[in-house]
Amino acid sequence: MFSWDCETTGVDLRHGCKPYYVTYTDESGTKFLEWGVNPIDRQPIIPDEDIDFLKGLINNEVTRVGHNARFDVLCLESIGVTNLESFPWLSLRDTLLAGHLVNSGSPLNLTDQVMLYLGVDISPYEDKLEKACKSARDYCRRHLPKWRIAKKGLPEMPSAGEEDWKADGWLLRALAYHHWETQEREDFNPDKEYPHEYYTLLSDYANADSYYTLQLWGALWGEIQRRGLEAVYYERLKILPILYRMERDGLTLSSSEVSRVLEEFSEEEDRCTKVCINIAKSYNHDLVMPAGSSVNQSLKELVFDKMGLEGRPGKKAKTDVPSLDKDALDRYSRSCTGKPLMFVNSLLKKRHAAKMIGDISTYNRFWHEEGCVHRLHPNINPTGTTTLRCSCRNPNLQNIKKKGDGGESVKSLFRPGPDREFWSLDGKNLELRIPSFFAPEPELVEVFNHPDQGPYYGSYHLVVFDALYPELFHKHGKNCKDLYEATYYQWVKNGNFAIIYGAQEETADSTYRVRGAYQRVRDRFPNIARLSDQIITLANKQGYVSTIPDIEVDPERGYPLMCSRSDYGRISPTIPLNYFVQGTACWWKLRALVKVDELLRQWREDDGFSGFINLELHDEVILDFPKVGDPRVDPDNSNLWRIKKIQEAMESCGTAIGIPTPTSIEYHPDTWAVGINF
DNA sequence: TAACTGGGCGCC
DNA sequence: AGGGCGCCCAGTTA
């Protein structure tokens, strides 16, 4: 068993950042390889024999321990040591995955985990390095302007912005050598505290990392064994190569659509900004328009003081400062006319345009150009949430606006490349089904199992609609869905999701817009109400909730999700059912990804089929396939049979947790924003 | 300057 | 006591 860790010139390995230091620890101790970095272009200078040596090292060992090992595998790939297909993924022992499994609610960085499980404080290594790096960076800014210090705006590091100093660990040794070679400054002493340690500070820090990563693995695995969670760990491990592949393949945007939309919306933003400024002038106010959707003093002063609109706090606000969010602006606009009304409407339009432009600019920092498309490779983090959801960043592709306000959406820019097509598969009503079948709630089980039968036709929302508006439902039946699409039916949906998200009585009633709705829903679904109560009690007793056990993995144990406690030691009643549902849904999705990936790999071997997974959206999977034929014209000469296989595989994951999980199929030949149901 | 906080907004 | 995220901006604090 050995552990390894790479230090890099930044996290953006697909944009030119590279490892310059590899540390590894095994039974015989801790060793390392260190390479000089050219300060002008930030590229490490790596001897061929070191690459060969690393190849041997990686291939010889049986188990490999890493902290967020997927990143370190990508490091090795970026310098030609290994690659996706040949790396022995299932031999990995990852202290990030293990740490989340053992305690999903605690900080997972190495320093915190080593403190928690080994009682050792390694923060002094990092603190010393941070201090020295910052001094070195200051020194370079003053005396060596040609040296390429990490900062926002460098094309090779689009993620720069936070903790930039971490990308400049190489700088200490580079500066020390530079001084030794040139002796150009007598007073060379950028850091008064550590002037003579520039050769070794990075090394001390990095070597401690690989050493303690190995120790930490031992502690975590002991805990996993004690709690009998080995099978759950091994199942989770399967996700790493899938995410690695997903990040590599990424998601494409149409470059011509991007240019067109950018131009149109820039004009729109300018126009609306001018309207706002002119209206402000008529109030004797020189409005300084805030960027994007943000709010500044100038805007507040105009709206609340000079126009005299009555401010109200926002729904989710932590303070009682008057809100200027979309919801608040909508409310204000209903109570005003004339210039204030025109102002509010222009401000909303300006924000809409600015949001679109802002999203595209963020993508622009990250994308790679490939002919007529741009390709994004986001970072997907399987331990990025306190539930089992993955988080996504650089850029985040899990919050792409679906529909424009009457206009275009960012989603419409995401288009398949030439001779490609998108498909998406979505677990239908997954989060509503989980408590319904698990409780179980016989009425809802019946409804979900018979989507063709009246009066509810498989719709959870219609059942609640009936409970809250019995007269209307008696009169119109399932037509209520269309008749009250924007009003009662929408409010019912909002309320249902609010409850899934943990809303308590007051919030639920106000979301449903019906007094007493919360209690009526509880009365209608007594078993779900009881499940919620029981799971809150259990969570307070044991500190966590478990997802539904999967009979194909471990019929006894699900994935434990820690519930955070307030200062008084109680768990918020909003949390337990939500974690249970959200976590179980994502367990389903993780297993679905494993099965989908298995099919895709099989097809690749069978006939070279090049289909891949672009993205996962918690209960949904997006696929990028080669265009074969239009399934609407000739289903037999299309990818439809493959998609049906994938659908079958995903649905089978529901069986293993006792929840029927019908999965819908959408075909996107043109753009992700438009889907054709199959 | 850099780090932090809150507001705003998008998704499931 | 409405769950889980990431990103940008403005304004304050160290």
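Each chain gets a letter, A, B and so on, in the order the sequences are listed, and its residues count up from 1.
Ring-centre distance between A:F497 and A:H461: below the 6.0 Å cut-off. Ring-centre distance between A:F414 and A:Y363: below the 6.0 Å cut-off. Aromatic ring centres of A:H377 and A:H368 lie closer together than 6.0 Å.
The nearest whole Å value for the distance from the NE2 atom in A:H618 to the C1' atom in C:dG3 is 12 Å. Distance CG (A:D127) to P (B:dA3): 14 Å, rounded to an integer number of Å. Summarising the geometry, the separation between CG on A:D619 and P on C:dC5 is reported as 17 Å, rounded to the nearest angstrom. Here C:dA1 presents its C1' atom at 13 Å from OH of A:Y579, a figure rounded to the nearest Å. Following rounding to the nearest Å, A:H100 (NE2) and C:dG4 (C1') show an atom-to-atom distance of 11 Å. Rounded to an integer number of Å, the gap from CG of A:L324 to P of B:dG6 is 18 Å. What separates CG of A:N396 from C1' of B:dC9 is a distance of 12 Å, to the nearest Å. The separation between A:K402 atom NZ and B:dC9 atom P is 18 Å, rounded to whole Å.
In this pair, A:Y488 and A:W491 present their aromatic rings perpendicular. The plane angle is above 60°, beyond the 30 to 60° band. Aromatic ring orientation, A:H100 versus A:Y559: tilted (interplanar angle from 30° to 60°).
Among the heavy atoms of the strands lying under 4.0 Å from A:A291 are primed sugar atoms or P, OP1, OP2 only; no base atom is included. Residue A:C392 is classed as a sugar-phosphate contact, given heavy-atom separations below 4.0 Å to backbone atoms only. Among the heavy atoms of the strands, none lies under 4.0 Å from A:R137. Residue contacts for A:T386: at a heavy-atom cut-off of 4.0 Å it reaches the sugar-phosphate backbone alone, with no base atom in range. Here A:E431 lies out of heavy-atom contact (under 4.0 Å) with every strand. Across all strands, A:N394 comes closer than 4.0 Å only to sugar-phosphate atoms, never to a base (heavy-atom distances). Within the nucleic acid shown, A:Q582 comes within 4.0 Å of at least one base atom, counting heavy atoms only. If you check every strand for non-hydrogen atoms under 4.0 Å, A:V410 touches nothing.
In terms of phosphate contacts, A:T574 brings no side-chain nitrogen or oxygen within less than 4.0 Å of OP1 or OP2 of C:dA1. Between B:dG7 and A:S294, no contact under 4.0 Å exists linking OP1 or OP2 to a side-chain N or O. Between A:T362 and C:dC7 there is no side-chain N or O to OP1 or OP2 distance below 4.0 Å. Side-chain N/O atoms of A:K151 include none lying less than 4.0 angstrom from OP1 or OP2 on B:dT1. For B:dG10, the OP1/OP2 oxygens have no side-chain nitrogen or oxygen of A:R351 closer than 4.0 Å.
Side-chain proximity of A:S572 to C:dC8, C:dA1, B:dG8: nearest is C:dA1. Set against B:dC9, C:dC5, B:dA2, the side chain of A:K134 has B:dA2 as its closest nucleotide. Taking every side-chain heavy atom of A:S323 into account, B:dG8 is the closest of C:dG2, C:dC8, B:dG8. Side-chain proximity of A:R393 to the nucleotides C:dG2, C:dC7, B:dG10 is greatest for C:dC7.
Toward the 5' end of DNA chain C, the nearer of the two residues A:S298 and A:R365, judged by each one's closest nucleotide, is A:R365.
In terms of polar N and O atoms assigned as donor or acceptor, the side chain of A:R389 comes within less than 3.5 Å of the base of B:dC12 in a complementary pairing. Within 3.5 Å, a donor on the side chain of A:N399 pairs with an acceptor on the base of B:dG10, or the reverse.
A gap of 23 Å separates the P atoms of C:dG2 and B:dT5, to the nearest Å.
Here the closest non-hydrogen pair linking A:K589 and A:L388 is NZ-O, 4.3 Å.
The partner of C:dC9 is B:dG6, judged by Watson-Crick or G-U wobble contacts that both fall below 3.5 Å.
A distance cut-off of 5.5 Å between ring centres, combined with a plane angle under 30°, places A:Y501 in a stacking arrangement with the base of C:dG3.
Using a 4.5 Å heavy-atom threshold, the side chains of A:Y579 and A:Y544 count as separate.
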